[in-house]
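Here the structure is laid out as structure tokens; the discussion comes afterwards.
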2 protein chains.
Amino acid sequence: MSGNNITKLSTGVSGVKTTVSDTDRLVAELRRRIVNNQMPPGSRLREYELAEEFNVSRSRVRDAFGVLEERGLIERIPNKGAVVMRLEADSFLELFDLREVLEGLMVRLATENAAPEYWDELIDLFGPELAQAVEKNDFNAYLAAIAKFRQTCINAAGSTMLAGVLDDLYDRVLAMTRRLMLVPGRASEGFRQHQEILQAMKAGDVVLAEELKRANIRSARSWFMKYSDFLL
Amino acid sequence: MSGNNITKLSTGVSGVKTTVSDTDRLVAELRRRIVNNQMPPGSRLREYELAEEFNVSRSRVRDAFGVLEERGLIERIPNKGAVVMRLEADSFLELFDLREVLEGLMVRLATENAAPEYWDELIDLFGPELAQAVEKNDFNAYLAAIAKFRQTCINAAGSTMLAGVLDDLYDRVLAMTRRLMLVPGRASEGFRQHQEILQAMKAGDVVLAEELKRANIRSARSWFMKYSDFLL
DNA sequence: GCAGAATATATTGTTGACAATATTATCGGC
DNA sequence: GCCGATAATATTGTCAACAATATATTCTGC
């Protein structure tokens with residue numbers, strides 16, 4: 001096995017990139033493992049080990065580590081190796097502050113740009129069926145719906161830069177959301193908030209939609225602070 | 001020359017990193033050249049060429065390209081090479097939207113955290129002397145003052161995540177600021193706005209400070225739109 | 001048995017050589 | 001002279017071997 005190894009493939013997600021390399025696949029898989037806590041914070045990542053597992057050279061693993069580090073998912077200490085970044089309470093709070101202004105902007109731009117009908121699909125998704133699933137603690141369904149909401153908004157917002165920044169933070173947001181959802185009552189509250197936001201967006205009420213989204217994050221923040229002892 | 005080559009050195013800027021590698025130095029220098037337009041958009045970056053110039057191996061250059069790409073300063077096309085990213089009008093407008101919420105947040109957090117006296121130094125810096133320099137089109141002095149303002153705020157805000165996001169965008173902000181300053185009248189207006197923001201910050205008026213900073217960016221945005229024909 | 005030095009092992013950091021690909025130059029036919 | 005095919009060159013992509021460093025183990029004197 002030698003030489004170049006880039007398979008043509010569209011990434012699907014509004015991407016400019018049309019090729020996916022070994023490095024990209026590595027990054028994706030390692031991201032997944034870290035966010036899913038299969039590799040909990042503090043875990044060591046050994047280059048050779050991963051190189052063998054994925055049948056790639058150490059250089060690819062090393063490249064992947066580079067972007068993972070840039071994204072703040074791992075920490076690299078010279079000559080010692082890479083460990084999964086530990087998320088402190090402080091950085092969670094910082095993350096909420098950032099999300100408040102950024103996701104608020106996202107919703108504002110999306111509301112400005114999209115026609116009212118654009119939101120019908122999402123409004124349908126956030127319907128009675130999902131409501132029941134949330135009550136029954138079907139977190140995967142809820143998580144998928146939230147991801148869909150996010151992606152639909154980003155597409156409508158139409159700002160590649162905003163999309164990039166949100167994407168940079170996404171891993172950490174996901175890691176936190178997964179935990180926060182476990183707190184009794186939070187999921188159903190978040191669900192209702194999303195319904196309200198969607199109504200405002202369909203109504204084209206730019207200001208209200210942004211404010212509701214910001215309130216949504218602030219609410220999540222206060223839940224987090226209340227239960228931080230359990231969540232960290 | 002072979003083997004590891006990492007010189008111990010503190011980065012100074014509130015950094016967690018305490019070492020600076022060849023790659024880091026490369027990134028810094030290339031950033032500088034790109035932002036200063038010594039490497040205008042569309043320029044091609046050849047790996048071997050740079051490797052020779054900096055007396056490093058191509059791998060280091062390649063690593064540097066990786067972070068430059070992640071930062072959106074260059075674009076890498078497989079088997080073709082790296083070119084300096086071309087900044088389109090759209091992305092400038094996107095950048096203004098982002099700056100409005102992010103720098104607003106920066107000022108808000110900074111105002112919340114810092115004591116009134118903290119701002120005296122900056123208020124002094126943005127005094128009559130600098131005002132005169134701005135009138136005389138001494139752009140370097142103004143640019144340095146703005147950079148100082150930014151850094152002081154980031155330090156006071158105390159959010160490493162926000163600092164990271166702002167840093168990611170900094171190169172593009174700088175590139176744009178340098179051009180926008182050339183527009184007659186913009187620099188002195190921006191100067192006055194910074195004075196007002198600082199007054200609000202010293203007064204501890206969190207809401208007003210944030211709103212003034214946001215207005216500052218919106219104002220810059222409208223100047224840009226008006227003169228975009230000359231600036232692009 | 002234990003602290004500290006010396007050795008062995010594991011792991012990361014770096015490089016130069018080679019493969020794959022794209023770009024440019026050359027050449028023959030019309 | 002111009003166009004397409006073919007060869008030559010330049011440039012990037014990948015890897016495997018080696019160097020440097022950190023960690024674990026063994027040894028030694030007490």
Side-chain angles (χ1 to χ4, degrees), chain A residues 1-9 11 16-30 33-34 39 42-70 73-85, chain B residues 1-9 11 16-30 33-34 39 42-70 73-85:
Chain A
M1 195 187 299
S2 71
N4 292 6
N5 181 15
I6 294 183
T7 58
K8 299 280 178 198
L9 246 171
T11 50
V16 270
K17 297 182 70 173
T18 51
T19 59
V20 48
S21 60
D22 280 350
T23 306
D24 294 335
R25 288 192 294 101
L26 261 174
V27 170
E29 174 59 15
L30 293 179
R33 292 188 186 180
I34 293 174
M39 286 173 166
S43 302
R44 254 191 99 182
L45 304 179
R46 266 166 271 264
E47 296 179 357
Y48 186 77
E49 206 172 284
L50 293 167
E52 276 225 314
E53 179 184 345
F54 289 94
N55 266 10
V56 297
S57 80
R58 264 183 57 221
S59 311
R60 305 303 101 225
V61 179
R62 187 158 260 277
D63 286 352
F65 281 10
V67 350
L68 254 30
E69 182 185 27
E70 199 76 5
L73 279 175
I74 66 173
E75 187 178 12
R76 293 179 89 177
I77 303 158
N79 294 314
K80 283 206 58 177
V83 298
V84 177
M85 199 77 115
Chain B
M1 196 184 298
S2 70
N4 292 6
N5 181 16
I6 293 180
T7 59
K8 300 280 179 198
L9 246 170
T11 50
V16 268
K17 298 181 71 174
T18 51
T19 59
V20 50
S21 60
D22 280 350
T23 306
D24 294 335
R25 287 194 293 104
L26 261 174
V27 169
E29 175 60 15
L30 293 179
R33 292 188 186 180
I34 292 173
M39 287 172 164
S43 304
R44 255 189 98 183
L45 303 179
R46 267 165 270 265
E47 296 180 355
Y48 186 76
E49 205 173 284
L50 292 167
E52 277 226 313
E53 180 185 343
F54 289 94
N55 265 10
V56 297
S57 80
R58 263 184 58 221
S59 311
R60 301 306 103 221
V61 179
R62 187 159 260 278
D63 286 351
F65 281 9
V67 347
L68 254 28
E69 181 185 27
E70 198 78 4
L73 280 176
I74 66 174
E75 188 178 11
R76 295 179 87 176
I77 304 159
N79 294 315
K80 283 205 59 178
V83 298
V84 177
M85 200 76 116

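As the structure is a prediction and not an experimental result, all values here were calculated from the model. A note on names: the letters A, B, ... follow the listed sequences, proteins ahead of strands, and every chain is numbered from 1.
Rounded to whole angstrom, the span from the CZ atom of A/R76 across to the C1' atom of C/dG13 amounts to 9 Å. The CD atom of A/E52 sits 12 Å away from the P atom of C/dT11 (whole-angstrom rounding). Atom OH of A/Y48 and atom P of D/dA17 are 10 Å apart (whole Å). Residue A/I77 contributes atom CD1, which lies 21 Å from atom P of C/dA10 at whole-angstrom precision. Taking atom CZ of residue B/F65 and atom P of nucleotide D/dT14, one finds them 15 Å apart after rounding to whole Å. The distance between atom CZ of B/R62 and atom C1' of C/dG16, rounded to the nearest whole Å, is 14 Å. In this structure, B/E47 atom CD and C/dA22 atom P are separated by 15 Å, rounded to whole Å. The separation between A/N79 atom CG and D/dT21 atom P is 7 Å, rounded to whole Å.
Closest non-hydrogen pair, A/A64 versus A/T23, comes out as N-CG2, 3.7 Å.
If you check D/dT23, D/dT11, D/dG13 against the side chain of B/R46, the one that comes closest is D/dT11. Comparing atom distances between the A/S59 side chain and each of C/dT11, D/dA17, D/dC15 picks out D/dC15 as nearest. For B/R60, whose side chain is taken as the heavy atoms from C-beta onward, the closest listed nucleotide among D/dT12, C/dT14, D/dT23 is C/dT14.
Counting heavy atoms from C-beta on, the side chains of A/V61 and A/F54 never come closer than 4.5 Å. Put simply, the side chain of B/L73 does not reach to within 4.5 Å of the side chain of B/M85, judged on heavy atoms.
When each of B/S57 and B/R44 is assigned the nucleotide of DNA chain C bearing its nearest heavy atom, the one mapping closer to the 5' terminus is B/S57. Taking for each of B/R58 and A/A82 the nucleotide of DNA chain C with the nearest heavy atom, the 5'-most of the two is the partner of A/A82.
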The test is side chain to side chain contact (heavy atoms under 4.5 Å, CB included); show your working for A/E70 and B/E69 and say whether it passes.
CA-CA 11 Å; A/E70 199 76 5; B/E69 181 185 27; over 6 Å; no

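In this structure a side-chain-to-backbone donor-acceptor pair under 3.5 Å is present from A/R44 to A/K80.
For C/dT11, the OP1/OP2 oxygens have no side-chain nitrogen or oxygen of A/K80 closer than 4.0 Å.
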